[in-house]
Amino acid sequence: MPELPEVEIVKRSLEKTIKFKKIKQVFIKNKNLRFKIQKNIPKKLKNEKILRIERKSKYLIVNLTKSKYLIIHFGMSGTLHLVKKNKKNIYTNLSFYNQQKLPKKHNHVEIVFNRLKLIYNDPRRFGFILLLSSKKEFLNFFKKLGLEPLDNKFNNKYLMSKIHHRKKKIKDILLDQSIVSGLGNIYVNEILNYSRINPKKLGFKLGSYEIKLIVKYSKLVIKKAITKGGSSIRDFKNSKGQKGSYQNEFRAYNRNEKKCINRYCKGIIKRIFISNRSTFFCKKCQK
DNA sequence: CCGTTAACCTGAGAGC
DNA sequence: TGCTCTCAGGTTAACG
């Protein structure tokens, strides 16, 4: 579900709430996520202190003492929730998805602190939680990831080198985490609309000017999305509490049959499918 | 090596 | 009300 900006928001929230806290206990209610949760996690995490919270593309990284890294990936439907203890389960929304009513049967993991509980909830179970126990394991796990859009090294030259020989559609290329990491379906749709590039266009057909636009707007869109607290979709009804607002800025995603917002363009956004994923674009200006 | 497709899951919403 | 169908913010194994 969450792409880079949403995970970044969760990361920042966790920094304010659980950083430097000591883990008292960990419960695994259901180990069957995308990967089976290692049995020894509760034992290994007990009494560990949280030193740092980091994020790498769409992965959340909880850095513990003794070079332990708890990796959380949210898949399509994973969210984290903080529960204040003792009082009758009052939820503090950290995920920015406003799940006021927490469907408890999908609470798979609970990390208990002194007065707080951190809960991993994931109906579809495409996400996972993994413990890496050394810097070496850590580096190995992430070695295949491409640069993130906001990395200074993510520039025209880098992207050109990754794209110029590819026969895949540019949308599929941008979703490939080994090329650019952190983008997902929403933001790729947005970036291509800003760049006025047809998502079906093949990589090797893109000119250097188009590559330049993609680099520019990848940075712009991701930056703005973080500023806006990410995108919260499909839960608009629950309007209390904090929630992201980038969904109000969408130009393409979820805007089937609506007017293209690009300047001087009066085209209509259409929905098509590319690699089985909803794709929104304007035929008139995205060439 | 490359590109494409199906598969992994549950729930919400639409249409009948 | 209930049934069936489609779709959902992701990733990757397997195939040609």
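To find a chain, count down the sequence lines: A is the first, B the second, and so on, and within it residues start at 1.
- Here the separation of C:dG9 from B:dT4, taken at their C1' atoms, is 22 Å to the nearest Å.
- Between B:dG11 and A:K105, a contact under 4.0 Å exists linking OP1 or OP2 to a side-chain N or O.
- The A:S278 side chain lies nearest to C:dA8 when the options are B:dG11, C:dA8, C:dG9.
- If you chain together hydrophobic residues whose side chains sit under 4.5 Å apart, A:F27 and A:I111 never meet in one group.
- Between C:dG9 and A:Y187, no contact under 4.0 Å exists linking OP1 or OP2 to a side-chain N or O.
- Remark: A:K162 does not engage A:D176 in a salt bridge, criterion side-chain N to carboxylate O under 4.0 Å.
- Atom pair A:I186:CD1 and C:dA8:P shows a separation of 11 Å (rounding to whole Å applied).
- Nearest to the side-chain atoms of A:M76 among the listed nucleotides C:dG10, C:dT11, C:dC7 stands C:dG10.
- With hydrogens and angles ignored, the 3.5 Å screen pairs a side-chain donor or acceptor of A:K219 with a backbone N or O of A:F154.
- The separation between A:L60 atom CG and C:dG10 atom C1' is 16 Å, rounded to whole Å.
- Look at CG on A:L80: it is 20 Å from P on C:dG9, rounded to the nearest Å.
- Rounding to whole angstrom units, CD of residue A:Q247 and C1' of C:dG9 are separated by 12 Å.
- Within the structure, a side-chain polar atom (N or O) of A:K58 is placed less than 4.0 Å from OP1 or OP2 of C:dG10.
- In the hydrophobic clustering of this structure, A:I274 does not group with A:F280; members are Ile, Leu, Val, Met, Phe, Trp, Tyr whose side-chain heavy atoms approach within less than 4.5 Å, directly or through other members.
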What nitrogen or oxygen pairs link the protein and nucleotides 5-9 of chain B at under 3.5 Å?
{"residue": "B:dC9", "atom": "O3'", "partner": "A:R125", "partner atom": "NH2", "Å": "2.9"}
{"residue": "B:dC9", "atom": "O2", "partner": "A:R124", "partner atom": "NE", "Å": "2.7"}
{"residue": "B:dC9", "atom": "N3", "partner": "A:R124", "partner atom": "NH2", "Å": "3.1"}

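- The side chain of A:H106 places no N or O atom within less than 4.0 Å of a non-bridging phosphate oxygen (OP1 or OP2) of B:dT10.
- One interatomic measurement links the two molecules: NZ of A:K200 to P of B:dT4, which rounds to 14 Å at whole-angstrom precision.
- When the nucleotides C:dG9, C:dG10, B:dG11 are ranked by their closest atom to the side chain of A:E6, C:dG9 comes out on top.
- Among B:dT4, B:dC2, C:dG10, the nucleotide with an atom closest to any side-chain atom of A:R277 is C:dG10.
- In terms of hydrophobic clustering, with Ile, Leu, Val, Met, Phe, Trp and Tyr side chains grouped at heavy-atom distances under 4.5 Å, A:L159 and A:F204 are assigned to different clusters.
- For A:K224, the salt bridge (Lys or Arg N to Asp or Glu O under 4.0 Å) partners are A:E249, not counting sequence neighbours.
- For the P atoms, the distance from C:dT6 to B:dA6 is 14 Å, rounded to whole Å.
- Both cation-pi conditions hold for A:K135 and A:F138: the charged atom is under 6.0 angstrom from the six-membered ring centre and inside a 45 degree cone around its axis.
- Rounded to whole angstrom, the span from the CG atom of A:N185 across to the P atom of C:dG10 amounts to 6 Å.
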The test is ring pair (Phe, Tyr, Trp, His ring centres under 6.0 Å); show your working for A:Y253 and A:Y246 and say whether it passes.
CA-CA 11 Å; A:Y253 186 81; A:Y246 195 75; over 10 Å; no
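- In DNA chain B, runs of at least 3 stacked Watson-Crick or G-U pairs (N1-N3 plus N6-O4 or O6-N4, or N1-O2 plus O6-N3, all under 3.5 Å) give these stems: B:2-8 with C:10-16, B:10-16 with C:2-8.
- As a whole-Å value, the separation of A:N256 CG from C:dT6 P is 17 Å.
- Remark: the separation of the P atoms in B:dT5 and C:dC7 is 16 Å, to the nearest Å.
- Note: A:F35 and A:F128 have tilted aromatic rings, judged against thresholds of 30 and 60 degrees for the angle between ring planes.
- Nearest to the side-chain atoms of A:K168 among the listed nucleotides B:dG3, C:dG10, B:dG11 stands B:dG3.
- The gap from the C1' atom of B:dG11 to that of C:dT12 amounts to 23 Å, rounded to the nearest Å.
- A sub-4.0 Å separation between OP1 or OP2 of C:dT11 and a side-chain N or O of A:Q177 is present.
- A:S57 and A:E148 share no donor-acceptor pair across their side chains, judged by distance under 3.5 Å alone.
- Note: CG (A:L145) to P (C:dG10) measures 14 Å, nearest angstrom.
- A donor and an acceptor atom, one from each side chain of A:N185 and A:K171, are located under 3.5 Å apart.
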